[in-house]
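Right, one structure below, let's go through it.
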Protein chains: 2
Amino acid sequence: MGSTIKDIAKQTGLSIATVSKFINGGNVLPENRALLEKSIKDLDFEVNQVARGLKKNRTMLIGVIVPNFESKFFMRVISNIENSLMRYGYSTIVCDYRGDYKLEVEKIHFLYGKKVDGIILPPNEDNAKTYKDIIKRGISLVFLDRPIDAVPCDAIIVDNRAAARKAVESFLANGHTKIGLVNMNEPGLYTAHERLAGYLDAHEAAGLEVDRRRIAFAATSVDGGYDATLSILDANSGVTAILATNDDMAFGAIKALNARGLRIPDDIALIGFDVYDVATVFNPELSVVVQPLGEIGETAADLIVKRLGQERPLSPRVVELKTELILRGSSEKSV
Amino acid sequence: MGSTIKDIAKQTGLSIATVSKFINGGNVLPENRALLEKSIKDLDFEVNQVARGLKKNRTMLIGVIVPNFESKFFMRVISNIENSLMRYGYSTIVCDYRGDYKLEVEKIHFLYGKKVDGIILPPNEDNAKTYKDIIKRGISLVFLDRPIDAVPCDAIIVDNRAAARKAVESFLANGHTKIGLVNMNEPGLYTAHERLAGYLDAHEAAGLEVDRRRIAFAATSVDGGYDATLSILDANSGVTAILATNDDMAFGAIKALNARGLRIPDDIALIGFDVYDVATVFNPELSVVVQPLGEIGETAADLIVKRLGQERPLSPRVVELKTELILRGSSEKSV
DNA sequence: TCAGAAGCGCGAAACGTTTCGCGCTCGGGG
DNA sequence: CCCCGAGCGCGAAACGTTTCGCGCTTCTGA
């Protein structure tokens, strides 16, 4: 029950050093190998990773920090990160900071204490100094979902701008010209900014004027999407299509349209973001922009593991993955 | 950058032992206290939890193991467990075993190596021996979502049987007598068994004969729910209402009903399980049985922390939480 | 004034591992 | 036959903490 390297040494008559060598793949005489294998099985010995971590200064632990545990997007990405890191022998400690950036700093210090080998997080400009500190301490850092200007660092992002642009262009292709945007209202949020830019890009490319009444910002939630959608409808700008840049906001948009008795897509066409499991359950099925959650997690894991292995600090790698626009019934009726 | 207790000792001129004492809340002379506080801030010292863990034989780490990372129910419960444990100063290491019970044993051994103080998992009968081993090693164990007969152990569950019964009774109250059940098909799955029992209870209490054609088992997934629902419809037993015992299966049921052109609730009334965010986005809104995810997480955390504190092994505590039946449009039209 | 108690600080060992470098053995080649 | 090198095993120190018990100081009270 909880035997140590010492017990193995005692039982085999070998020294602690030799046992350790064997455990770590070193060569030992065949007869000793047999002895050791038997003894390890007998006492069901397992390396004490805590002791090893202390000695080697590597814990095989990666910290992941997210704003909160409510975000489906981040939770799924975390699942995939955990899954991928596990294959490399790493485990994950997950923290949230309930949207409080001061608390994020605390969590980072908490992870310092845990001696994690690396940290993965979606950065915000406010804590740029802390991120630099992480790197200075020799802890590998990977940014999730967005880069920040102030800190050059590995990052895994998606082509938000192109994604929004393509979604709007699909509306245009179906003859829509009065297109609404239900966007996330978080100051400085990279993804919101990029998706807006994509929306504007598409308009500019089509030579279409942008009507600000058709753009609404609101809290990233079902209620936020609901309110934003109503405000667009109430602006009476003749909107015939809406792009919602977040799954919850897309749900809010559906609720708002239902509440107003507007049919999808006949009265208003709709495309959402990040709606995964249930997009096809709606009637008509919901068109969506999907981010490659699996790849995002894998890439985050790859980036951090690669950096961990490296001795020399390599220059920051920013990986941008492609989103996919999946068109279904909710946006497929032409005007 | 990564200073230790030794650095503090050197800078303050005090001994290592005194620094340690201070860190752990021991009394020191006021002048020394000031010195220590200053020095700790100066060098921004943080206790090395790895070293502490080695010495104290407590890592403040709890392992959580789930069958896979796809289950929304478990992922949400994990979020809440993490959140609650964090308040007690514990962190969480999450593993999955992709439905492979042999792999679950490996993950448990992996957690042995990490020297976790406790483990939380949904048990299965196959690995009863391993669970006993966990307890024998002095690692606290809490069962999630279900107990098993072979191992007496703390557990957090919900009133699955009553939940299903109440859902069926709400159908009965609306005049339905031909009620379908779309159930999860996993051998030995406690929750599936209990929910079936509740379904049967309600029938028996109402003096209603059970028609086996109205009960279908299938994979716990959207497709499974879809297939199961179609099979019930195709049995031509005159079903007018359906209870789906899982969120994905409820989605599958909706898809199946849409596919057949059946209206909810006019043609078929529907109640789902565990549909949280989007239940009110459907039109009509979906009636559901909800499990108290927050409380489940908190209670799991409480149970394990309580057991961790205890010196003496107390007798197993099984906490059963109440589910809530929320009736909405999808089940509210009488026949 | 002095004995004793209370409070504080310190040295040293210990937790379980890795790692360094030395010394031994054994075999092969000159 | 002897020397040298390769290969293996071992002792000891180290990672950063906690903890034990002893010894010193200081204060209280008779």
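To find a chain, count down the sequence lines: A is the first, B the second, and so on, and within it residues start at 1. What's counted below: heavy atoms across the whole structure, side chains too, no hydrogens, waters or symmetry copies. Given the structure is predicted, the values throughout are model-derived calculations rather than measurements.
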Pairwise 5' ranking along DNA chain D for A/L14 and B/N24, keeping only the more 5' one: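 With A/L14 and B/N24 compared, the 5'-side residue is A/L14.
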
Looking at [X], does any N or O in its side chain come under 4.0 Å of the phosphate oxygens OP1/OP2 on [N]?
| X | N | value |
| --- | --- | --- |
| A/S20 | C/dT17 | no |
| B/N32 | C/dG9 | yes |
| B/K55 | D/dC15 | no |
| B/T4 | D/dG16 | no |
| B/N27 | C/dC8 | yes |
| A/K21 | D/dC10 | no |

Are B/Q11 and B/S39 close enough that a side-chain donor and a side-chain acceptor fall under 3.5 Å?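 Per modelled atom types, B/Q11 and B/S39 side chains form a pair under 3.5 Å.
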
Nearest of [options] to any side-chain atom of [X]?
| X | options | answer |
| --- | --- | --- |
| A/A17 | D/dA12, D/dC8, C/dC8 | D/dA12 |
| B/T18 | D/dC10, C/dG9, C/dT18 | C/dG9 |
| B/I16 | C/dG9, D/dT18, C/dG16 | D/dT18 |
| A/I5 | C/dG9, C/dT17, C/dG16 | C/dT17 |
| A/A51 | C/dG11, D/dT17, C/dG16 | C/dG16 |

Starting at atom [atom1] of [X], determine the distance to atom [atom2] of [N], rounded to an integer number of angstrom.
| X | N | atom1 | atom2 | result |
| --- | --- | --- | --- | --- |
| A/K56 | C/dG16 | NZ | P | 19 Å |
| A/R33 | D/dG9 | CZ | C1' | 15 Å |
| B/I8 | C/dG9 | CD1 | C1' | 17 Å |
| B/L54 | C/dA13 | CG | C1' | 13 Å |

TODO: Kindly determine whether A/F69 and A/F74 satisfy ring-ring contact (aromatic ring centres under 6.0 Å, His included), including the steps that lead there.
DONE: CA-CA 8 Å; A/F69 285 151; A/F74 281 128; over 10 Å; no

Are [X] and [Y] close enough for a salt bridge, meaning some N to O gap below 4.0 Å?
| X | Y | result |
| --- | --- | --- |
| A/D302 | A/R87 | no |
| B/D133 | B/K129 | no |
| B/K72 | B/D274 | no |

One pair to check against side chain to side chain contact (heavy atoms under 4.5 Å, CB included): B/V66 and B/L121. What are the steps and the verdict?
CA-CA 6 Å; B/V66 290; B/L121 53 77; over 6 Å; no

Open item on the list: Please classify the nucleic acid contact of B/L29 as base, sugar-phosphate, or nothing, using heavy-atom distances under 4.0 Å.
Closed with: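 It contacts sugar-phosphate atoms only.
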
Students often get this wrong, so: under 4.0 angstrom with heavy atoms, is A/F45 touching a base, only sugar-phosphate, or nothing?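 Sugar-phosphate: the residue A/F45, judged by heavy atoms under 4.0 Å, touches backbone atoms but no base.
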
> Where do B/Y97 and B/I65 land on the side chain to side chain contact (heavy atoms under 4.5 Å, CB included) test, with the steps shown first?
Replying inline: CA-CA 8 Å; B/Y97 53 87; B/I65 305 182; 3.5 Å; yes

Next on the checklist: The test is side-chain hydrogen bond (donor to acceptor under 3.5 Å, both in side chains); show your working for A/Y190 and A/N124 and say whether it passes.
Outcome noted: CA-CA 9 Å; A/Y190 171 81; A/N124 60 282; over 6 Å; no

Bend angle of the helix from C/dT1-D/dA30 to C/dG30-D/dC1, from helix axes over five pairs at each end, nearest 10°: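 Overall, the helix from C/dT1-D/dA30 to C/dG30-D/dC1 bends by 40° from one end axis to the other.
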
